[in-house]
Undergrad: 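Below you'll find the structure I mean.
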Number of protein chains: 2
Amino acid sequence: MAKKIEVRAPDTEIAFGVLPELIGYQLRLAQIAIFRDFETTLGALDITPGLFGVLVIIEANPDLKQTTLAKATHLDRSTVVSVIDSLEKRALVERRAAENDRRSNALRLTPAGTALLKKLKRQVALHEKRLAGNLNDQERATLVRLLRKILPEHR
Amino acid sequence: MAKKIEVRAPDTEIAFGVLPELIGYQLRLAQIAIFRDFETTLGALDITPGLFGVLVIIEANPDLKQTTLAKATHLDRSTVVSVIDSLEKRALVERRAAENDRRSNALRLTPAGTALLKKLKRQVALHEKRLAGNLNDQERATLVRLLRKILPEHR
DNA sequence: TATTGTTATACTCTATAACTATA
DNA sequence: TATAGTTATAGAGTATAACAATA
């Protein structure tokens with residue numbers, strides 16, 4: 001009788017215990033995969049998923065103040081300072097004086113920021129398409145819907 | 001005619017542009033929410049989702065070597081060194097001499113590690129239940145299945 | 001030559017606490 | 001008193017490059 005052939009390489013013969021059934025674990029893996037694909041696609045432009053989100057939010061909310069941005073991104077106020085510092089250094093965002101409140105900054109994209117974001121959006125669309133390559137439109141919508149359902153707002 | 005009442009607080013009147021339609025963005029939000037819930041549940045035990053995964057994998061693969069663990073966790077070999085350093089310092093894991101290869105370490109949970117992991121698994125089950133509180137069994141299974149589909153192995 | 005684990009080092013992302021200037 | 005932004009600082013988590021021991 002022929003011996004069973006070992007199909008998998010030794011290093012991949014690994015048991016993952018309970019992990020594969022955990023939402024948190026699968027989410028983690030998906031996140032890693034997405035981050036790496038994002039990096040491959042957009043790495044040359046030196047933008048992470050987080051920075052992309054910040055640019056989109058600033059564009060969609062002209063004269064946004066930093067504290068509001070912090071809430072929207074789930075970041076601390078102090079973290080936003082350094083994020084905006086770096087985007088301002090790259091001349092993608094500017095801090096203007098807010099009209100009503102002299103404590104606040106009013107954030108805006110510079111023309112360069114707007115131009116870059118336009119390019120980024122095209123790249124992100126390709127990235128999304130690649131990610132969702134195995135999903136049909138309905139599955140894609142379902143995935144987004146189910147992900148929303150686990151957020152605390154919906155609990 | 002009565003004026004329309006503004007339901008949301010000023011700070012939440014924020015536009016998110018294209019973000020809510022992006023799988024990557026929803027995944028990011030879900031990840032943040034999960035990490036925070038995990039921390040709340042398991043913070044006292046000083047274990048992150050990543051460390052939990054490492055413990056599970058070591059338990060499920062006795063005498064695992066570090067390089068294999070690195071592949072399984074998507075971490076660099078050098079990163080695994082410090083992860084195991086810290087788990088060893090906490091007496092949860094031990095590095096034994098491997099039998100066939102004097103370069104390798106054979107990783108094992110200590111009795112304390114096994115005991116802690118048992119406790120962790122119970123907590124993680126509660127955590128998962130809370131996360132999936134809004135999902136029925138079928139939705140939960142669908143979510144896991146769709147998440148798997150976006151991993152590179154399935155592309 | 002290649003692999004295993006290690007070290008030294010550094011970078012990114014993030015938060016906390018204390019400060020200042022306004023409100 | 002409370003809020004907006006800032007600074008100084010620190011911690012977690014990660015990677016790269018070079019190395020010694022072993023295969």
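Every chain is numbered from 1 and lettered A, B, ... according to where its sequence line falls, protein lines coming before strand lines.
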Undergrad: Under 4.0 Å between a side-chain N/O of B:Lys65 and OP1 or OP2 of C:dT4, yes or no?
TA: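 Answer is yes, contact under 4.0 Å.
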Undergrad: Rounded off to whole Å, could you give me the CG-to-C1' distance for the B:Leu51 and D:dT14 pair?
TA: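 From B:Leu51 CG to D:dT14 C1': 13 Å.
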Undergrad: Which pairs with one or both residues in residues 84-116 of chain B pass ring-ring contact (aromatic ring centres under 6.0 Å, His included), sequence neighbours excluded?
TA: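 For residues 84-116 of chain B, and leaving out neighbouring residues, there are no ring-ring contact (aromatic ring centres under 6.0 Å, His included) pairs at all.
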Undergrad: Looking at residues 76-90 of chain A, who's got a heavy atom less than 4.0 Å off DNA chain C?
TA: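 Correct list: A:Asp76, A:Ser78, A:Thr79, A:Ser82.
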Undergrad: Can you list the residues that meet the side-chain hydrogen bond (donor to acceptor under 3.5 Å, both in side chains) rule with B:Glu88, with sequence neighbours excluded?
TA: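 Here the qualifying residues are B:Arg95.
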Undergrad: Over how many whole Å does the gap from B:Phe35 atom CZ to D:dA12 atom P extend?
TA: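 That distance rounds to 11 Å.
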Undergrad: Output the single nucleotide from D:dT14, D:dT6, C:dG5 whose closest atom is nearest the side chain of A:Arg28.
TA: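 Selected nucleotide: D:dT14.
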Undergrad: Would you list the pairs meeting ring-ring contact (aromatic ring centres under 6.0 Å, His included) in which at least one residue belongs to residues 44-96 of chain B, sequence neighbours left out?
TA: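 Residue pairs passing ring-ring contact (aromatic ring centres under 6.0 Å, His included), neighbours aside: none found.
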Undergrad: Rounded to the nearest Å, what distance is computed from the CD1 atom of residue B:Ile32 to the C1' atom of nucleotide C:dC13?
TA: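 Whole-Å distance recorded here is 12 Å.
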Undergrad: Whole-Å distance between D:dA12 C1' and B:Glu39 CD?
TA: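 After rounding, the reported distance stands at 11 Å.
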Undergrad: Is the distance from OP1 or OP2 of D:dT3 to the nearest side-chain N or O of A:Gln66 less than 4.0 Å?
TA: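 The answer is no; no side-chain N or O of A:Gln66 sits under 4.0 Å from OP1 or OP2.
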Undergrad: Just jot down the side-chain hydrogen bond (donor to acceptor under 3.5 Å, both in side chains) partners of A:Ser104, sequence neighbours excluded, or say none.
TA: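 Expected list: none.
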Undergrad: D:dG5, OP1 or OP2 - any side-chain N/O from A:Thr67 closer than 4.0 Å?
TA: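 For D:dG5, OP1/OP2 do have a side-chain N/O of A:Thr67 under 4.0 Å.
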Undergrad: Would you mind listing every side chain to side chain donor-acceptor pair (under 3.5 Å) that reaches into residues 109-123 of chain B, with sequence neighbours excluded?
TA: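 As it turns out, the side chain to side chain donor-acceptor pair (under 3.5 Å) pairs with a partner in residues 109-123 of chain B, which skip direct neighbours, are B:Glu59-B:Lys121.
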Undergrad: Using a strict threshold of under 4.0 Å (side-chain N to carboxylate O), is an ion pair present between A:Arg148 and B:Glu21?
TA: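 A salt bridge links B:Glu21 with A:Arg148.
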Undergrad: Without decimals, in angstroms, what is the distance between B:Leu69 CG and C:dT4 C1'?
TA: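 Those two atoms, CG and C1', are 13 Å apart.
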Undergrad: Could you list all N or O pairs between the protein and nucleotides 21-23 of chain D that sit under 3.5 Å apart?
TA:
unit_1, atom_1, unit_2, atom_2, d
D:dA23, OP1, B:Arg102, N, 2.7

Undergrad: Between B:Arg108 and B:Asp63 (salt bridge meaning N to carboxylate O under 4.0 Å), is one present in this structure?
TA: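 Salt bridge: yes.
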Undergrad: Suppose the criterion is ring-ring contact (aromatic ring centres under 6.0 Å, His included): which pairs have a residue in residues 110-137 of chain A, not counting sequence neighbours?
TA: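 Of all non-adjacent pairs touching residues 110-137 of chain A, those that pass ring-ring contact (aromatic ring centres under 6.0 Å, His included) are A:Phe38-A:His127.
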Undergrad: Would you mind reading off the distance between B:Asp46 atom CG and D:dA12 atom C1', rounded to a whole angstrom?
TA: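 Result: 11 Å.
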Undergrad: In whole Å, I'd like the distance from the CZ atom of B:Arg36 to the P atom of C:dA15.
TA: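 Spelled out: CZ on B:Arg36 to P on C:dA15 is 6 Å.
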Undergrad: Can you tell me which residue pairs pass the ring-ring contact (aromatic ring centres under 6.0 Å, His included) test with a partner in residues 91-122 of chain A, sequence neighbours excluded?
TA: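 Counting only pairs at least two positions apart or across chains, no ring-ring contact (aromatic ring centres under 6.0 Å, His included) contact touches residues 91-122 of chain A.
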Undergrad: Would you kindly give the CG-to-C1' distance between A:Leu75 and D:dT6, to the nearest whole Å?
TA: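 In whole Å, D:dT6 C1' and A:Leu75 CG are 16 Å from each other.
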